[in-house]
Undergrad: 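What follows is a structure written as structure tokens; I'll ask about it next.
Here is the naming used below: chain letters follow the sequence lines, and residue numbers restart at 1 for every chain.
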Amino acid sequence: MEIPKTYDPKAAEARHYARWEAQGYFAPEINRDPAAPVYSIVIPPPNVTGSLHMGHALQHTFMDVLTRYHRMRGYRTLWLPGQDHAGISTQIQVEKQLRKEGLTRHDLGREQFIARVWQWKEEYGGQIIKQMRREGASVDWSRERFTMDEHLSRAVREFFVRCYEEGLIYHGEGLISWCPKDQTALSDLEVEKEAQAGKLYYLQYPVQGSDRRVTVATTRPETMLGDTAVAVNPDDERYRDLLGATLELPLVGRAIPVVADEFVDPAFGTGAVKVTPAHDQNDYEMGLRHKLPQVRVIDQHARMTEDAGADFAGLERYEAREKVVEKFAELGLLEKVVDYEFSITKCARCRTVIEPLLSTQWFLKQAELGRAPLELISTQHEPRFVPEVPYEKVYTNWLENLHDWTLSRQLWWGHRIPAWYDEQGRVFVARTEAEAKQQAGTDKLTQDPDVLDTWFSSALWPISTLGWPDETEDLRTFYPTSVLITARDIIFLWVSRMMMTGLKFTEQKAFADVFITGTIFDKHGQRMSKSKANGIDPIDVFDKFGVDATRLVLAQVESTDTRWNDNLVESYRNFANKIWNAARFCLMNAEGATVGQGFAGAPASWALHDRWIMSRLHKTVRTVSAAIENYRFHEAVQTLYHFFWDDFCDWYIELSKSDVTAGDDSPARSAARSRVLTVLEQALRLLHPFMPFITEELWQRLPGVGASQLHPAYAHAEPTIMLAAYPQADAALIDEQAEAEVQALIELISRVRNIRSEMNIKPGETVPVLIGAPDESLRAVFAAGGAQIARLVRASEVSVQSSVNGPRAAARAVLAGGAEVAVPLEGLIDFAQERARLGKEQEKLRQEAAKLEGQLANKNFVERAPAEKVAELRQRLADIAQRMGALTQTLEALAE
RNA sequence: AGGCACGUAGCUCAGGGGUAGAGCACUACCUUGACACGGUAGGGGUCCGCGGUUCAAAUCCGCGCGUGCCUACCA
């Protein structure tokens with residue numbers, strides 16, 4: 001059997017994915033059990049423009065672990081892949097390409113431009129989706145979707161039309177966030193606030209018919225040109241007499257009223273607020289309340305309009321700001337300017353400062369759609385958020401405060417709004433142009449030029465990908481989906497909206513659970529970003545350490561924000577190598593062995609270490625399954641790591657070694673070899689959801705694996721660990737006594753090794769080991785394990801008696817249960833030093849005993865603490881007393 | 001401004017009312033027929049601070065300090 005000493009991840013990674021895909025293992029149809037339960041996940045569709053980053057790799061790892069786990073459990077499992085057309089980013093990307101050719105989209109015209117985008121998508125798009133194969137993602141490629149697919153576009157139109165018919169979608173004027181660079185409206189979720197060191201300008205407005213002036217404070221003086229009122233709080237004594245007064249707006253000369261509005265905070269600034277209904281969200285609302293005129297002084301390019309006055313028209317907004325301030329200063333109306341930090345709103349895409357503008361757009365009344373999800377979360381706690389704190393609250397708070405959603409975008413790439421206008425400007429909303437014509441009774445219609453917000457189609461993703469609005473078999477089978485896995489930043493943008501559409505159109509929630517992942521930062525705790533160039537490319541990590549190792553690191557991130565650290569990947573790379581070499585050992589000693597055999601007869605008849613490893617294995621199965629099902633990936637990974645490395649490699653293989661490597665072929669040797677292989681094979685299955693490649697690579701080499709390992713639902717398939725049955729915990733194999741007994745063996749061995757180390761005994765040198773165990777059953781354990789002990793501590797002989805009767809010149813240690821071990825070391829023992837060593841140990845025990853005695857002497861403790869806790873402490877104290885007894889005897893024997 | 005989370009070994013992080021944990025790093029010894037990406041044995045912690053609840057607090061509660069995130073009608 002030729003197996004290299006070091007695991008080479010690339011070879012295994014290259015080998016298996018293509019086969020899995022070709023064999024159809026990823027598709028739910030592989031499951032032939034008609035009664036199989038269903039497990040489904042739809043991928044959060046990555047942007048077609050993106051390339052794989054750590055956040056994707058993180059999410060994909062969780063989705064793949066869950067998918068593979070449930071598939072192995074016999075679920076009819078679907079993980080549906082796909083991507084998002086990413087309206088603005090894609091359009092910007094292609095426009096950039098055009099610019100290099102000296103063209104703009106307008107040179108091409110709409111139709112040609114869109115054709116160009118599709119071409120771009122084919123050539124450069126979808127990097128992330130392509131890279132997912134490298135991750136080992138077991139997605140069903142036969143069901144791959146794109147938000148601009150014809151079918152999904154139909155779903156979008158259906159959604160739009162239905163909402164329009166119900167009055168949830170309307171066309172009208174509102175104050176929207178406008179990006180002057182991208183030349184489009186944006187929703188409030190596509191803008192970002194950023195702290196900004198700026199200035200607060202105090203401007204004075206003269207009161208008509210008096211010498212008085214009212215001072216207003218503003219961060220945007222240029223907007224004063226569009227002021228149509230000044231507002232004060234109705235309870236503000238300072239301004240009570242001015243209510244209803246008229247001010248003269250400087251520079252403009254417009255007469256504007258002083259109005260009273262609860263919105264105004266008397267404590268801020270001067271307590272008087274300038275009101276610019278056309279250029280500020282709050283002022284807009286105040287303007288509606290007081291029926292104020294809306295004067296537009298800034299245009300779509302963030303330049304001042306004619307209405308700003310001849311002095312300002314055409315100026316860029318910041319130029320206008322300077323000029324306004326200058327003029328106020330000249331007029332003696334600039335009271336003061338103070339430094340002031342405030343937040344500024346920017347386009348999330350291009351970082352241009354947003355201009356709030358009055359504009360006619362399409363809007364969706366989200367509040368009504370949000371009612372059903374709000375009801376569901378408040379009364380049923382559905383979907384179940386993991387972690388529940390704080391995300392359930394974040395989601396609920398959002399649903400309680402929904403604003404109208406600006407749907408239209410002044411772009412070309414995206415779903416065209418299904419609205420047509422006739423020559424009189426009347427609007428017809430319909431699923432098709434023909435339908436609109438029919439409604440209008442004329443052929444002379446023009447379609448609305450705008451497209452829908454990208455998130456409009458995303459909101460439908462779980463249902464549209466499965467076939468809605470048609471009642472397809474997939475929709476019936478896989479919807480509602482099992483879990484949504486995503487980062488926290490799109491809970492509003494996406495998670496809540498999928499719930500809205502799902503409940504509205506199917507009356508079923510879109511997913512049962514929502515698992516929110518942590519965020520991975522760079523090693524300095526900074527967010528990874530293109531602009532900072534501090535991103536770590538998952539592909540590089542795969543290349544360096546292997547996909548499986550990377551997946552383990554990602555899985556254990558769970559929901560915690562984590563700084564990326566290569567050291568951790570390296571340690572899991574080492575773990576992969578450990579698995580490789582453990583398997584290598586098993587395979588080098590596999591002659592005569594078969595997976596699944598070796599554990600014959602009643603467990604009670606098995607050797608101690610065999611009962612022990614099965615008990616450890618089944619506890620591991622129990623813990624890992626529960627952990628995965630509850631999204632405790634960190635616990636799952638840790639448990640598997642320690643089971644494999646500590647229990648299986650460090651102890652089980654070592655305790656089995658002499659049987660496994662016996663020189664002569666015998667039924668006993670074959671059985672021992674089969675047992676080691678069987679445990680290995682179970683461990684590989686447990687690890688497979690996390691480490692798909694190495695587990696498949698090794699599994700395929702094990703003697704005796706095949707159809708019998710497969711879950712019955714896949715009995716017909718070509719054997720693969722992917723479709724093997726995930727181990728089920730068997731309570732009957734959990735054996736606490738065996739665990740305690742092996743623990744005693746481990747302690748014994750460790751103490752002897754400790755003596756060897758402290759006494760500087762050369763590794764190659766053997767020593768006699770004398771064990772004294774007053775307890776009969778413990779004595780039996782040590783006696784039966786004599787050969788194993790001898791091997792693991794390099795003993796020339798192991799004697800087990802009820803007490804140690806060795807030479808005075810021996811290093812000694814006391815063990816649990818009053819047992820004692822001595823290593824005779826004629827000539828090597830410095831008696832004074834040995835007494836000191838044991839004295840130190842005695843002192844430690846004494847301190848521990850004192851602490852326990854103190855607690856047990858406390859009447860309150862004994863009376864109020866649970867009885868088992870008290871009993872446990874008494875037990876511990878008794879054990880210490882036993883050790884102390886043995887230690888005292890030993891010390892006496894050593895006395896001069 | 002509010003809300004939430006976090007603060008545990010040198011580092012990255014688990015855990016969590018009753019013995020303080022892992023990986024990496026560190027020290028010593030070891031190339032023993034699975035593995036030096038390894039083995040064995042070690043060292044290392046006022047669990048941010050101060051109060052409170054409790055028989056018992058690193059763990060629960062309050063306050064403070066520090067860090068991060070989110071929300072907001074910060075004119």
Undergrad: Pairing check on rA36(B): which nucleotide meets the Watson-Crick or G-U wobble criteria with it, both distances under 3.5 Å?
TA: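 Its partner is none (no Watson-Crick or G-U wobble pair with both distances under 3.5 Å).
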Undergrad: Any cation-pi pair here, Lys336(A) with Tyr202(A), using under 6.0 Å and within 45°?
TA: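 Yes; both conditions hold, so Lys336(A) lies above the ring face of Tyr202(A).
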Undergrad: Considering Watson-Crick and G-U wobble pairs with both distances under 3.5 Å, what does rA1(B) pair with?
TA: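 Check on rA1(B): paired to rU71(B), both distances under 3.5 Å.
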Undergrad: Do any side-chain nitrogens or oxygens of Lys657(A) fall under 4.0 Å of OP1 or OP2 in rG39(B)?
TA: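 It does not, given that no N or O in the side chain of Lys657(A) lies less than 4.0 Å from OP1 or OP2 of rG39(B).
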Undergrad: Give a yes/no answer on whether the side chain of Arg563(A) brings an N or O atom under 4.0 Å of OP1 or OP2 in rU12(B).
TA: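 Affirmative; the distance criterion is met.
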Undergrad: Determine: side-chain N/O of Trp645(A) to OP1/OP2 of rG39(B), distance under 4.0 Å, yes or no.
TA: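 True: Trp645(A) side-chain N/O within range (under 4.0 Å) of rG39(B) OP1/OP2.
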Undergrad: Below 3.5 Å, does any donor atom in the side chain of Lys578(A) face an acceptor in the base of rC35(B), or the other way round?
TA: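 Answer yes: a donor N or O sits under 3.5 Å from an acceptor.
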Undergrad: Which nucleotide, if any, forms a Watson-Crick or G-U wobble pair with rG51(B), using both distances under 3.5 Å?
TA: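 By the stated definition (distances under 3.5 Å), rC61(B) pairs with rG51(B).
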Undergrad: Can you tell me if the side-chain N/O atoms of Ser571(A) get under 4.0 Å from OP1 or OP2 in rC37(B)?
TA: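 No, because none of the side-chain N or O atoms of Ser571(A) sits under 4.0 Å from OP1 or OP2 of rC37(B).
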Undergrad: Tyr641(A) near the nucleic acid: base, sugar-phosphate alone, or nothing, with a heavy-atom cut-off under 4.0 Å?
TA: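 Sugar-phosphate contact only.
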Undergrad: Considering only atom P, compute the distance from rC29(B) to rU19(B) and round it to an integer number of Å.
TA: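 Here rC29(B) and rU19(B) have their P atoms 37 Å from each other.
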Undergrad: Decide whether a cation-pi geometry holds between Lys869(A) and Phe861(A); the criteria are a distance under 6.0 Å from NZ or CZ to the six-membered ring centre and an angle within 45° of the ring axis.
TA: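 Pair Lys869(A)/Phe861(A) does not count as cation-pi.
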Undergrad: Is Asn754(A) near enough to rG42(B) that one of its side-chain N or O atoms lies under 4.0 angstrom from OP1 or OP2?
TA: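 Answer is yes, contact under 4.0 Å.
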Undergrad: With the side chain of Ser343(A) defined as its heavy atoms from C-beta on, choose the nearest nucleotide among rG18(B), rG39(B), rC74(B).
TA: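 Comparing rG18(B), rG39(B), rC74(B) against the side chain of Ser343(A), the answer is rC74(B).
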